[in-house]
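Structure first, commentary second.
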Amino acid sequence: MPELPEVETVVRDLRPLVVGRRITAVRVGAKNLRRPWQAEWSELILGKRIDAIRRRGKWIVVELSVIRETKSSDERPRARLRLAANPRLILHLGMTGQLTVHQPTEPLKDHTHLIFELGRGHELRFRDVRRFGSADVFVNEAEANAYLAERLGPEPMELEAKSFQAAVLATIRPLKAVLLDQSVVAGVGNIYADEALHRSGLHPERRGNTLQPKEIDRLREAIVAVIEHAIEHRGSTIRDYIGGSGLKGEFQNEFRVYGRTGEACPVCETAIEVVRVAGRSSHYCGKCQPVSRETKSSGGVHRSTSSRD
DNA sequence: CCGACGTCCTGCTAGC
DNA sequence: TGCTAGCAGGACGTCG
């Protein structure tokens with residue numbers, strides 16, 4: 001499942017292959033992604049040049065602009081064209097999304113839902129078996145940024161200690177739910193949440209408001225460390241994930257807890273356990289990541305007075 | 001307002 | 001061997 005490191009890898013792989021190219025045609029599959037592709041979106045991006053491709057959280061932003069027409073003498077600037085001069089294509093890979101560049105002669109794999117023809121024998125294909133992914137087009141940078149800003153918190157690398165501390169202490173939710181909340185920190189999913197919690201010695205069921213400031217900062221540092229480490233390994237391939245060049249990730253070999261139920265904790269050799277938290281399977285080491293007594297017994301709500309004095 | 005939970009979707013696999 | 005129930009989970013809608 002593509003999380004921040006996987007999406008970053010896709011974007012880095014794709015960058016040299018798509019930047020500078022023009023979208024010469026858009027082909028849309030029969031089945032919808034999370035939201036149906038709108039016909040006017042094709043009009044908005046057709047003929048536009050890809051200036052850049054970047055990542056924000058788990059989202060991919062393709063920046064497009066009008067190519068300057070050098071030879072046309074009868075150039076009539078149209079208002080509508082000006083509004084859509086710099087549209088943005090925003091993609092989310094969901095669970096099983098793959099974004100790769102192919103030659104048009106390569107056979108289409110099943111579940112290919114969008115094809116962006118790039119001319120000169122290349123096309124960008126969006127394939128997604130489970131269709132949890134999405135594609136949206138916005139008329140300009142401001143609209144695209146607004147869309148992302150209203151659902152995403154800071155990138156892990158830009159997460160400030162103070163504000164993260166405030167966010168964690170302000171909630172009774174289990175840490176696992178906090179880390180999966182994209183408005184708290186953008187880009188963390190089930191794998192890296194579990195890995196970061198193990199690295200910081202915190203139980204996934206610990207409730208935010210029971211943490212010490214020191215623990216919160218340890219968690220923040222663990223998130224950054226595990227994300228950066230994973231990017232260096234091109235992310236994790238569990239089953240479907242591939243980078244923009246079709247290469248798999250290697251970080252699955254570095255997992256300390258995720259998907260390792262029953263195996264030995266790499267730190268203390270205790271068997272890794274799995275529990276369902278926030279509707280997700282959560283892997284942890286019972287010894288390295290103990291639940292504090294007060295948290296486990298009854299949700300940790302009645303403890304609020306003791307932190308006062 | 002906040003938190004918990006159900007829904008979408010397909011392919012794989014554990015279990016009979 | 002063949003069948004099926006259950007599981008995987010990111011984002012978002014709904015409910016209490």
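In the text below, chain A, chain B and the rest are named by the order of the sequence lines, each starting its count at 1. FYI, side chains are in, hydrogens and waters are out, and symmetry mates aren't considered; it's all heavy atoms of this structure.
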Flag side-chain contact, heavy atom, 4.5 Å: A:Val101 against A:Asp13: no

Side chain to side chain, A:Val184 and A:Thr171, heavy atoms closer than 4.5 Å: no

Side-chain donor or acceptor of A:Glu215 paired with backbone N/O of A:Leu202 under 3.5 Å: no

Sugar-phosphate, base or nothing in reach of A:Thr171, heavy atoms under 4.0 Å: sugar-phosphate

Min side-chain heavy-atom separation A:Phe116-A:Ile45 under 4.5 Å: yes

Polar side-chain atom of A:Gln103 near backbone of A:Gly121 as donor-acceptor pair, under 3.5 Å: no

Test item: side-chain donor near acceptor, A:Lys48 and A:Asn86, under 3.5 Å: no

Parallel, tilted or perpendicular: rings of A:His92 and A:Trp59 (30°, 60°): perpendicular

Trace of the salt bridge (Lys or Arg N to Asp or Glu O under 4.0 Å) decision for A:Glu123 with A:Arg27: CA-CA 10 Å; A:Glu123 55 190 36; A:Arg27 307 214 308 273; 3.8 Å; yes

First of A:Ala170 and A:Arg131 reached from the 5' end of DNA chain B, by closest nucleotide: A:Ala170

Close aromatic pair by centroid cut-off 6.0 Å: A:His113 and A:Phe126: no

Watson-Crick and G-U pairing of DNA chain C written in dot-bracket, each distance under 3.5 angstrom, with | for inter-strand partners: .|||||||||||||||

Contact interval (first through last nucleotide) of DNA chain B with protein chain A, 4.0 Å heavy-atom: B:dG3 to B:dG11

Between A:Arg234 and A:Thr9, a side-chain donor and acceptor under 3.5 Å: no

B/S/- contact track for nucleotides 9-16 of chain C, protein heavy atom under 4.0 Å: BBBS----

